[in-house]
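Sequential numbering from 1 along the given sequence is applied to the chain's residues.
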Amino acid sequence: MRHRANAVLGVAGAAIGAMATVAAPFLSLRPNRVVDGTAITAIDAFGTAGWLIVALWAIMGALSMRTGSRSGLARGLLGAGVLALTLWASGGVAADYAQLNGTLARTSFSWGFYLALLGLFLAGQAAAEDANAPICLIVTTCSFALACVVPGAFGALNELGIVREFALARDSFSAALGAHLFYALGATAGAIVLGVPLGVLSARDRKVESVVMGTLSLGQVFPALAFIGLMMPVFGSLGRRVGMLDAIGVGGIGWAPVFCVLLVYALFPVARNTLAAVRSLDADVLDAARGVGMSRGRMLAEVELPLASPIVLAGVRVALVQSTAGAILAAFVGGGGLGTLVFFGLEQTSTDLMLVGVVPIVALALLFDAGLRAIERAANRMGVQAG
């Protein structure tokens, strides 16, 4: 049954990628960053290379019908080849277009490219499920990383619109990325410090649960922008009245209201999963721990939390991905972050500048999600071995 689901997913991903390459608008050629461009398919843009990409998609789809780590590894490597060839060919088209039309010209990815990326993601997920051996996953991951890095290292992507916009925004990008990581990682760390104890207390006492979970659930109801608006006068007043808070930048605008809102949103999945995890522990295991004379604190640290860790980590993963996406709102209140680049792009009607902010946010969310899923699987295996 699992093989059949992976086969369907792999074939569907390959079919989507092939159709996007053949029939969908893949690149947009524009004389400048503002004017609407001329959309062309990958076949029209790449010529023979386009048909080679389609052939690679077809081979990936055919291999999806086979099971085993070798098939998964082969499909992963083919997917990396599709990505590398697509990027290299797109960079070549962009360079030719810029040479003919000057430095203001922009070659941007159209929706067909992103549809092909969706197909690649689906096919890659199916390949990863089949190639479940650690060495296969490492090789595939490194191949995809190289597929992105190598064309850029050789300058093949320099004339693509998104790369041109990144070069213009490079001075502010590092600061924006640092601020974004501060919001995402800081809010999640705060949610762990506060949410895990709240979840444990809620698991111990139904009255505490109703108060804690009811309050945290209420925090989820507020729309993010409205919630930030409510926090602005609160932190503005605190900043004016408390000199220490003012010294670290707490005020009605800036990082403080956004960080508070992200922390409140992140608390709920961490506390909820901790509550569910502690409540679901085997009573016999807990009785055995009490039987050997463990105190409540020692039992929590050495038995309950280690056994509950896979479910708790799932809540942390949700909180981290959610905070990574939500931190884009900091740009509305002068809090910085990658959202600043996104909204600058909106103001200037520059899709490529928007993508300079959006792509790292998506990449960070996927990286955090994949990393914590791997840690969850490791924690599950350790729990099974311990049991």
Say you draw a straight line from [atom1] of [X] to [atom2] of [Y]; how long is it, rounded to the nearest 0.5 Å?
X: S309; Y: L307; atom1: OG; atom2: CG; value: 7.5 Å
X: L275; Y: L201; atom1: CG; atom2: CG; value: 10.5 Å
X: R272; Y: S202; atom1: CZ; atom2: OG; value: 13.0 Å
X: L218; Y: M213; atom1: CG; atom2: CE; value: 12.5 Å
X: Q322; Y: T324; atom1: CD; atom2: OG1; value: 10.0 Å
X: T103; Y: R106; atom1: OG1; atom2: CZ; value: 7.5 Å

Nearest heavy atoms of [X] and [Y], plus distance in Å:
X: W57; Y: A14; result: O-CB, 3.4 Å
X: T21; Y: G50; result: CG2-O, 4.0 Å
X: A147; Y: A80; result: CB-O, 3.3 Å
X: G76; Y: A127; result: N-CB, 4.0 Å
X: A20; Y: A116; result: CB-N, 3.8 Å
X: A331; Y: G339; result: CB-C, 3.4 Å

Hey, are the side chains of [X] and [Y] touching, using non-hydrogen atoms and a 4.5 Å cut-off?
X: V362; Y: V359; value: no
X: L73; Y: L77; value: yes
X: T107; Y: E159; value: no
X: L262; Y: L329; value: no
X: V278; Y: R204; value: yes
X: F46; Y: F26; value: yes
X: T48; Y: L52; value: no
X: P257; Y: F227; value: no

Shared hydrophobic cluster, [X] / [Y] (ILVMFWY, side-chain heavy atoms < 4.5 Å):
X: I328; Y: V264; value: yes
X: V139; Y: V150; value: no
X: V342; Y: I228; value: yes
X: L120; Y: M19; value: no
X: L185; Y: L364; value: yes

Would a distance-only check, ignoring hydrogens and angles, find a side-chain to backbone donor-acceptor pair under 3.5 Å from [X] to [Y]?
X: Y183; Y: G178; answer: no
X: S71; Y: R66; answer: yes
X: S280; Y: A277; answer: yes

Any chance [atom1] of [X] has more than 12 other-residue heavy atoms, nucleotides or ligands included, within less than 6.0 Å?
X: F173; atom1: CZ; result: yes
X: F154; atom1: CZ; result: no
X: I40; atom1: CD1; result: yes
X: F344; atom1: CZ; result: no

- Item | R170/E165 salt bridge by N-O under 4.0 Å criterion | no
- Query: Should the pair D352-R164 be classified as a salt bridge under the 4.0 Å nitrogen-to-oxygen rule?
  - Reply: no
- Would you check if there is a donor-acceptor pair between the side chains of R206 and S210 at a distance under 3.5 Å? no
- Query: If you group Ile, Leu, Val, Met, Phe, Trp and Tyr whenever their side-chain heavy atoms sit less than 4.5 Å apart, what else falls in with V211?
  - Reply: none
- Not counting sequence neighbours, list each pair that qualifies as a ring-ring contact (aromatic ring centres under 6.0 Å, His included) and has a residue in residues 62-112. F109-F113
- Give the ring-plane orientation class for F182 versus W255, where under 30° counts as parallel, over 60° as perpendicular and anything between as tilted. perpendicular
- side chain to side chain contact (heavy atoms under 4.5 Å, CB included) evaluation trace for L29 with V93: CA-CA 9 Å; L29 306 178; V93 172; 4.2 Å; yes
- Query: Which is it for S90 and L27 under the side chain to side chain contact (heavy atoms under 4.5 Å, CB included) test, yes or no, and what are the steps along the way?
  - Reply: CA-CA 8 Å; S90 299; L27 294 177; 4.0 Å; yes
- Message: Let's go through I43 and V54 carefully: what are the C-alpha distance in whole Å and the side-chain angles of both, what is the deciding distance for side chain to side chain contact (heavy atoms under 4.5 Å, CB included) to 0.1 Å, and is it a yes or a no?
- Response: CA-CA 9 Å; I43 297 299; V54 173; 4.1 Å; yes
- Task: Check step by step if side chain to side chain contact (heavy atoms under 4.5 Å, CB included) holds for F166 and L355.
- Result: CA-CA 9 Å; F166 172 76; L355 290 175; over 6 Å; no
